[in-house]
Amino acid sequence: MSTRRDFLHLTAAATALGALPAAAQTPATDPGTPIPPKGDAKGSETLRLVTFAPDKAGTPRLGAVRSDGRVVDLSKAGLPGVDATGMVSLIAAGPKALDAARRAAASGDGPQVETVHLLAPIPAPTRNIYAVGWNYLEHFAEGQATSLAKTEYPAHPVFFTKGVNTINGPYDPIPYDTAVSTQIDWEAELAVVVGKGGRNIKEADALDHVFGYSVMNDTTARDMQRTLHGGQWFKGKSLDGHGPFGPWIVPASNIDPSDLRLLLRVNGVVKQDASTKQMYFKVARIISELSRGLTLVPGDIIATGTPPGVGFARKPPEFLKPGDVMETEIVGLGTLRNVIQAVPA
């Protein structure tokens, strides 16, 4: 592929020709109710690691959601060197602890996932969420179409961060406060969870540093991002609760991130529909460049960028409003389902 422009034209053509097949989706009746996983292929069992509580008042603990929809309580499994209430503890404990979790999930039992409360897999990160801007060429192009100042596509990934309090549960409401922003937009993204830390990681070795993958929505206050605070992104990306994440982490050995279908629906209407194969900077390149002179640690979360179809670039622009149901799906990985909820005046 000779140029970025060629890449853009090819990916646009693939979308126009319907190269991405339709995806089946069974939404939950109640927006706050977890959506069970789709069954695994015969003879295989995907490990889906969660942080859950028996109910909203219960104590969070580690769990695994099996393909039959049952949640195994890993806090009772006696995993070596693992704090039973902390996902990052499991990540940092390494491959032996993960293997023990896999065995416990296969042999255990528990309630159906619809009956428990799923939190974000890492409910309280200790560090900001790393994120990548403009990683799908068509998304860059749609943004440029709304801007007076035209720029060339960057030669290196564009990094920013989201504050830790943006993290929200996979089925929890997203706050909407008119005194803060009235231009809340959606951004469906593949999230990478770092397993083995490091600095100056070589691109050829980068995927060895991945613990697993999850779904994130980089929900954004466009008025803040584009017109306030000097045009920088941090504040518009960092409102509390504007980073739904989950519903689980799938270990890297269970999934290939190179061709996953991303879907974003608002009230059942598809707004984004793309594949991770359209990412310009792939996961390994992102990790390698991010780690240059910057140490990554186990449990770091990296949102890898959103495809085209965001609200502010539509004609006319579209933004989320109270009562809307936003579904963020990566086929074969999981689905977030969040209601936009007005904050009382």
Side-chain angles (χ1 to χ4, degrees), residues 34 36-37 40 43-55 58-113 115-127 129-130 164 167 169-170 191-199 201 205-216 245-257 283 287 291 295-302 333-334:
D40 294 324
S44 68
E45 178 72 27
T46 298
L47 183 61
R48 300 172 179 88
L49 295 165
V50 296
T51 298
F52 80 102
D55 53 57
T59 301
R61 72 280 307 270
L62 286 176
V65 179
R66 303 190 328 188
S67 59
D68 62 5
R70 294 197 174 275
V71 184
V72 178
D73 187 346
L74 295 181
S75 69
K76 300 177 180 178
L79 303 180
V82 175
D83 173 0
T85 64
M87 182 69 73
V88 174
S89 174
L90 173 62
I91 295 169
K96 288 185 178 180
L98 181 59
D99 288 344
R102 194 181 297 277
R103 290 192 298 270
S107 61
D109 202 354
Q112 288 291 330
V113 68
T115 68
V116 305
H117 177 60
L118 289 188
L119 290 76
I122 303 175
T126 57
R127 289 153 54 106
I129 296 88
Y130 296 109
V164 296
I167 289 293
V192 174
V193 179
V194 173
K196 182 172 67 173
R199 183 165 62 111
I201 299 167
D205 301 329
L207 293 183
D208 294 335
H209 290 256
V210 177
F211 176 78
Y213 300 95
S214 192
V215 184
M216 177 167 277
F245 171 49
W248 35 69
I249 298 171
V250 174
S253 60
N254 277 126
I255 200 158
D256 177 1
V283 172
I287 292 172
S291 72
T295 300
L296 299 178
V297 302
D300 276 347
I301 302 165
I302 306 171
L333 190 52

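Only heavy atoms go into these numbers, but all of them, side chains included; no hydrogens, no water, no symmetry mates.
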*Is the side chain of E45 donor-acceptor paired with the backbone N or O of S67 at a distance under 3.5 Å, no angle test?*
yes
*If every non-hydrogen atom of V50 is compared with every non-hydrogen atom of P247, which pair is closest and at what distance?*
CG1-O, 3.6 Å
*Considering non-hydrogen atoms only, spot the tightest contact between L47 and A64 and give its length.*
CD1-CB, 4.0 Å
*Can you find a pair of side-chain heavy atoms, one from R61 and one from D73, that are under 4.5 Å apart?*
yes
*Out of curiosity, S291 OG to I201 CD1, how far, rounded to the nearest 0.5 Å?*
4.0 Å
*asked:* If I compare all heavy atoms of P111 with all of V116, which pair ends up nearest, and what's the gap?
replied: CG-CG1, 3.8 Å
*Using a 4.5 Å cut-off on heavy atoms from C-beta on, say whether the side chain of V210 contacts that of V194.*
no
*asked:* Quick check for you: to the nearest 0.5 Å, what is the distance between L79 atom CG and L74 atom CG?
replied: 5.5 Å
*Please report the shortest heavy-atom distance between P60 and L119, naming the atom on each side.*
CG-CD2, 4.0 Å
*asked:* Testing the basics here: between G69 and P37, what is the closest heavy-atom pair and its distance to 0.1 Å?
replied: CA-CD, 4.2 Å
*What's the spacing between R70 CZ and Q112 CD if we round to 0.5 Å?*
4.5 Å
*Check whether any side-chain heavy atom of I301 lies under 4.5 Å from a side-chain heavy atom of P125, and answer yes or no.*
yes
*Is S75 close to L62 at the side-chain level, that is, under 4.5 Å between some pair of heavy atoms?*
no
*Would you check if the side chain of H209 reaches a backbone N or O of G197 as a donor-acceptor pair within less than 3.5 Å?*
yes
*Side chain proximity check, Y130 to I287, heavy atoms < 4.5 angstrom*: no
_Counting C-beta onward and ignoring hydrogens, is there a side-chain heavy-atom pair between N254 and R102 closer than 4.5 Å?_
yes
*Are I129 and F245 close enough, and set up right, to give a side-chain contact (heavy atoms from CB on, under 4.5 Å), and what steps lead you there?*
CA-CA 11 Å; I129 296 88; F245 171 49; over 6 Å; no
*Can you check side-chain contact (heavy atoms from CB on, under 4.5 Å) on V164 and R127, steps first, answer last?*
CA-CA 6 Å; V164 296; R127 289 153 54 106; 5.6 Å; no
*Could you walk me through whether L118 and V113 pass side-chain contact (heavy atoms from CB on, under 4.5 Å), step by step?*
CA-CA 8 Å; L118 289 188; V113 68; 3.9 Å; yes
*Non-hydrogen side-chain atoms of F211 and I249 separated by less than 4.5 Å*: yes
*Could you tell me whether D208 and K196 make a salt bridge, using a distance below 4.0 angstrom between a side-chain N and a carboxylate O?*
no
*Of all heavy-atom pairs between G334 and W248, which one has the smallest distance, and what is that distance?*
CA-NE1, 4.2 Å
_Walk me through whether V250 and R48 qualify under side-chain contact (heavy atoms from CB on, under 4.5 Å)._
CA-CA 5 Å; V250 174; R48 300 172 179 88; 4.3 Å; yes
_Between CD1 on residue I302 and CG on residue L296, distance to nearest 0.5 Å_ = 5.5 Å
*asked:* For a 4.5 angstrom cut-off between non-hydrogen side-chain atoms, does I122 reach V88?
replied: yes
